[in-house]
Participant: 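So that we are looking at the same thing, I have put the structure below in structure tokens.
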Amino acid sequence: MEHKDYFQKVFDVTCMIPEERVTNYGAIADFLALGSARMVGWALNKCSLSEIKVPAHRVLNRKGELSGRNAFPTPTLMQERLEAEGIEVVDNTVINFKDLFWHPENILKNG
DNA sequence: CCAATGACGACTT
DNA sequence: GAAGTCGCCATTG
């Protein structure tokens with residue numbers, strides 16, 4: 001299971017996402033140089049199998065839609081998680097997505 | 001091995 | 001600017 005590290009990378013970055021902030025698959029893929037956002041989603045889909053708690057609900061697609069809501073125990077859990085953090089969600093889409101958008105590279109900027 | 005799929009994204013028309 | 005098309009790469013059939 002060498003790809004386990006692959007998950008770890010994605011999980012690690014996902015866990016770095018601050019509250020009140022969200023990101024998209026492409027940003028993580030770009031930061032980890034995975035080459036494809038699909039791989040990020042693929043890894044996050046497995047996050048439920050991981051022992052690590054991952055705020056996967058903070059990861060959305062480029063349009064800010066909760067594309068992965070169906071992968072949660074309940075399709076509404078993802079939205080509830082976001083709303084619990086003060087993020088407004090309507091029609092499976094995060095409001096002010098571009099304003100809440102956060103890029104993993106910010107980790108390096110802030111140290 | 002070939003074909004199809006997926007929590008996507010960028011490019012082209 | 002919306003809709004359509006291709007690329008991405010690992011998994012599954």
Side-chain angles (χ1 to χ4, degrees):
Chain A
M1 303 300 186
E2 296 178 65
H3 58 268
K4 188 66 175 298
D5 287 341
Y6 181 94
F7 295 166
Q8 185 62 62
K9 292 265 190 183
V10 177
F11 298 160
D12 191 27
V13 173
T14 304
C15 289
M16 289 184 214
I17 303 173
E19 296 182 22
E20 294 279 340
R21 286 290 183 280
V22 292
T23 189
N24 60 344
Y25 306 98
I28 298 175
D30 182 54
F31 179 69
L32 297 178
L34 301 179
S36 184
R38 290 187 178 277
M39 305 297 91
V40 177
W42 167 71
L44 281 177
N45 194 344
K46 300 281 192 183
C47 85
S48 299
L49 307 178
S50 177
E51 300 177 7
I52 309 168
K53 295 190 307 174
V54 183
H57 57 273
R58 294 180 191 157
V59 186
L60 316 166
N61 65 5
R62 77 175 182 90
K63 292 189 286 189
E65 296 175 323
L66 282 60
S67 38
R69 64 182 141 74
N70 196 36
F72 282 74
T74 59
T76 56
L77 181 61
M78 188 174 187
Q79 177 170 338
E80 290 181 17
R81 288 275 187 191
L82 290 168
E83 289 179 333
E85 297 183 355
I87 299 173
E88 189 175 2
V89 180
V90 176
D91 189 29
N92 300 319
T93 306
V94 171
I95 306 300
N96 297 330
F97 167 66
K98 75 176 193 66
D99 191 38
L100 299 173
F101 183 71
W102 174 88
H103 197 281
E105 287 192 345
N106 285 333
I107 300 165
L108 307 178
K109 290 182 179 182
N110 289 294

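Each chain gets a letter, A, B and so on, in the order the sequences are listed, and its residues count up from 1.
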Participant: Could you pull out all residues at least two apart from A/Phe31 that satisfy ring pair (Phe, Tyr, Trp, His ring centres under 6.0 Å)?
Facilitator: none

Participant: If you measure from the C1' atom in C/dG7 to the same atom in B/dA4, how many Å do you get, rounded?
Facilitator: 16 Å

Participant: Between A/Thr93 (side chain only) and A/Asp91 (backbone N and O only), is there a donor and an acceptor less than 3.5 Å apart?
Facilitator: yes

Participant: Determine the contact category for A/Ala43: base if any of its heavy atoms lies under 4.0 Å from a base atom, sugar-phosphate if only primed atoms, P, OP1 or OP2 are that close, otherwise nothing.
Facilitator: nothing

Participant: By the 4.0 Å heavy-atom rule, please label A/Asn61 as base, sugar-phosphate, or nothing.
Facilitator: sugar-phosphate

Participant: Using the side chain to side chain contact (heavy atoms under 4.5 Å, CB included) rule, take A/Met16 and A/Asn106 through it: C-alpha gap first, then chi angles, then the decisive distance, then the call.
Facilitator: CA-CA 10 Å; A/Met16 289 184 214; A/Asn106 285 333; over 6 Å; no

Participant: Applying side chain to side chain contact (heavy atoms under 4.5 Å, CB included), name anything that partners A/Thr14, two or more places apart in sequence or on another chain.
Facilitator: A/Val10, A/Ile17, A/Ile28, A/Leu44, A/Val54, A/Pro55, A/Val59

Participant: Judged by each residue's nearest nucleotide on DNA chain C, which is more toward the 5′ side, A/Lys46 or A/Met39?
Facilitator: A/Met39

Participant: Tell me every residue that passes side chain to side chain contact (heavy atoms under 4.5 Å, CB included) with A/Pro75, counting only those two or more places apart in sequence or in another chain.
Facilitator: none

Participant: For residues 60-73 of chain A, which residue pairs qualify under salt bridge (Lys or Arg N to Asp or Glu O under 4.0 Å), counting only residues two or more places apart or in two chains?
Facilitator: A/Lys63-A/Glu65

Participant: For nucleotides B/dT5 and C/dC6, find the distance between their P atoms and express it as a whole number of Å.
Facilitator: 16 Å

Participant: Provide the full list of salt bridge (Lys or Arg N to Asp or Glu O under 4.0 Å) pairs with a residue in residues 12-21 of chain A, sequence neighbours left out, each pair given once.
Facilitator: none

Participant: Which value, in whole Å, describes the distance between the P atoms of nucleotides B/dC1 and C/dA10?
Facilitator: 15 Å

Participant: For nucleotides 5-8 of chain C, print each protein N/O atom paired with a nucleotide N/O atom at under 3.5 Å, atom names and distance only.
Facilitator:
from  : atom 1 : to      : atom 2 : distance (Å)
C/dC8 : O2     : A/Arg38 : NE     : 3.4

Participant: Quick one: name the residues clustered hydrophobically with A/Val90, using the 4.5 Å side-chain heavy-atom rule over I, L, V, M, F, W, Y, and just say none if it's on its own.
Facilitator: A/Ile95

Participant: Not counting sequence neighbours, which residues clear salt bridge (charged side-chain N to carboxylate O under 4.0 Å, His left out) with A/Lys53? List them please.
Facilitator: none

Participant: Over how many whole Å does the gap from A/Lys63 atom NZ to C/dA2 atom P extend?
Facilitator: 11 Å

Participant: Return the value, rounded to whole Å, for the distance between atom CG of A/Leu44 and atom C1' of B/dA7.
Facilitator: 7 Å

Participant: Rounding to an integer number of Å, can you tell me how far A/Asn70 CG sits from B/dT5 C1'?
Facilitator: 15 Å

Participant: Nearest-Å distance, OH (A/Tyr6) to C1' (C/dT11)?
Facilitator: 12 Å

Participant: Under 3.5 Å between N/O atoms: give me all the protein pairs with nucleotides 11-13 of chain B, atom names plus distance.
Facilitator:
none

Participant: Distance check needed: B/dA7 C1' versus A/Asn45 CG, whole Å only.
Facilitator: 6 Å

Participant: Which ILVMFWY residues are connected to A/Val22, directly or by a chain of links, through side-chain heavy atoms under 4.5 Å apart?
Facilitator: A/Leu60, A/Leu66, A/Phe72, A/Leu77, A/Met78, A/Leu82, A/Ile87, A/Val89, A/Val94, A/Phe97, A/Leu100, A/Phe101

Participant: Please name all residues satisfying salt bridge (charged side-chain N to carboxylate O under 4.0 Å, His left out) with A/Glu85, sequence neighbours left out, ordered by chain then number.
Facilitator: A/Arg58

Participant: Hey, can you pull the residues of residues 20-30 of chain A with a non-hydrogen atom under 4.0 angstrom from DNA chain B?
Facilitator: A/Asn24, A/Tyr25, A/Gly26

